[in-house]
Number of protein chains: 2
Amino acid sequence: MSDTNTRVPSVLAHELPRPVPMDELAACPASEVFRRVGDKWSMLVVILLGGRAHRYNELHRAIEGISQRMLTRTLRGLEDDGLVWRHVHPTVPPGVEYGLTELGVSLLEPLSALADWAVRHAPEMAEARGAEAPGAETRAAEARRAEARRAEG
Amino acid sequence: MSDTNTRVPSVLAHELPRPVPMDELAACPASEVFRRVGDKWSMLVVILLGGRAHRYNELHRAIEGISQRMLTRTLRGLEDDGLVWRHVHPTVPPGVEYGLTELGVSLLEPLSALADWAVRHAPEMAEARGAEAPGAETRAAEARRAEARRAEG
DNA sequence: CAGCATCCGACATGATACTG
DNA sequence: CAGTATCATGTCGGATGCTG
């Protein structure tokens with residue numbers, strides 16, 4: 001809550017090719033959402049829960065690589081944002097179920113748009129990373145080498 | 001490059017409400033994109049460059065809060081991903097210009113969809129964070145208090 | 001089963017000073 | 001102008017052990 005929101009002046013009042021609510025985006029409600037999307041696990045969980053509700057350990061096994069700590073933290077965060085609900089079945093071995101709220105479900109659509117873009121353009125990005133112009137050195141390559149040297153060497 | 005890609009098994013083969021290429025999403029080309037979107041500055045830069053090309057210091061002043069280090073790193077990352085181009089004008093005081101590649105421009109669309117969602121649902125998320133059910137204690141509230149205690153002191 | 005508490009390393013981010 | 005180099009720090013994320 002302290003410095004979570006990026007301080008952004010009203011600089012974004014540009015003109016985008018299409019329908020981007022820049023003026024309001026400048027106010028940075030999006031930044032927080034972007035952060036969540038960028039979370040290592042959050043969107044993975046959202047996507048999983050998009051299919052159906054899951055139990056805690058069900059998620060734990062499903063993602064397989066996430067620690068309990070992170071799973072709990074992720075779920076808490078999503079819950080706090082109102083994207084995920086949580087139901088405790090007061091049975092003897094306690095059973096907790098997680099699922100998407102309406103808000104969470106509504107996120108799936110723009111999220112899928114982004115995921116779709118990623119899938120479509122992944123090759124181009126990979127290609128850009130590997131080699132940009134075999135034979136012709138761009139300043140990009142030039143610059144990258146400088147860093148590469150330092151990084152790899 | 002070492003552990004950048006999240007290891008995700010073929011668990012995402014669920015069924016989403018709508019058109020989400022889950023099977024391929026599971027392969028995680030999206031994860032990398034998500035990471036970039038979640039970057040504190042990357043999407044801000046992309047959006048700015050979406051308006052028009054910018055000079056280095058122009059961006060630096062525009063964002064105002066980013067350090068040179070981070071601006072450079074951000075631009076390098078975007079450049080490496082093929083989202084941003086970089087042109088050096090070999091004038092006496094060196095002038096460097098940055099702009100969006102076609103790939104970068106294409107990203108603006110799904111990005112705007114997400115931003116649009118953020119703007120639309122920001123109130124709901126804020127409300128969810130503040131108070132969920134005034135008077136009726138949910139287990140969410142119950143759980144949150146536990147953490148809040150520890151966090152707030 | 002579904003967590004919570006604690007410790008720790010890795011990386012992201014920022015401040016500062018210096019350079020072609 | 002457009003960076004690079006170095007240092008300091010905060011957060012992220014994982015491992016481990018314990019609880020109700």
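Values reported hereafter were calculated over all heavy atoms of this structure, with side chains retained and with hydrogens, waters and symmetry mates removed. Please read these numbers as outputs of a predicted model, since none were measured by experiment. Proteins get letters first, then strands, A, B, ... in listed order; numbering begins at 1 in each.
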Could you give the [atom1]-to-[atom2] distance, from [X] to [N], as a whole number of Å?
X	N	atom1	atom2	value
R73(B)	dG3(D)	CZ	P	15 Å
R86(B)	dC1(D)	CZ	P	16 Å
H54(B)	dC1(D)	NE2	P	15 Å
Q68(A)	dA15(D)	CD	P	11 Å
M70(B)	dT4(D)	CE	C1'	13 Å
D39(A)	dC11(C)	CG	P	18 Å
Y56(A)	dG20(D)	OH	P	17 Å
R69(A)	dA5(C)	CZ	C1'	9 Å

Out of dG14(D), dC1(C), dG3(C), minimum distance to the side chain of P94(A) belongs to dC1(C)
What nucleotide among dA2(C), dT4(D), dA2(D) has an atom nearest to a side-chain atom of N57(B)?
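Nucleotide nearest to N57(B)'s side chain: dA2(D).
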- request: Answer yes or no: is there a side-chain heavy-atom contact under 4.5 Å between Y56(B) and L75(B)?
  value: yes
Does [X] pair with [Y] as a salt bridge, N-O distance under 4.0 Å?
X	Y	result
R120(A)	D116(A)	yes
E58(A)	R52(A)	yes
E124(A)	R129(A)	no
E79(B)	R76(B)	yes

Any side-chain N or O of [X] under 4.0 Å from OP1/OP2 of [N]?
X	N	value
Y98(B)	dG3(D)	yes
R76(B)	dT4(D)	yes
R35(B)	dC11(C)	no

Overall bend of the helix from dC1(C)-dG20(D) to dG20(C)-dC1(D) (five pairs an end, 10° steps) is 50°
L111(A) and F34(B): CA distance, side-chain angles, deciding distance, side-chain contact (heavy atoms from CB on, under 4.5 Å) verdict: CA-CA 10 Å; L111(A) 191 65; F34(B) 285 174; 3.9 Å; yes
Item to complete: Say whether L100(A) and L114(A) are linked into one hydrophobic cluster, either directly or through other cluster members, by side-chain heavy-atom distances under 4.5 angstrom.
Response: yes
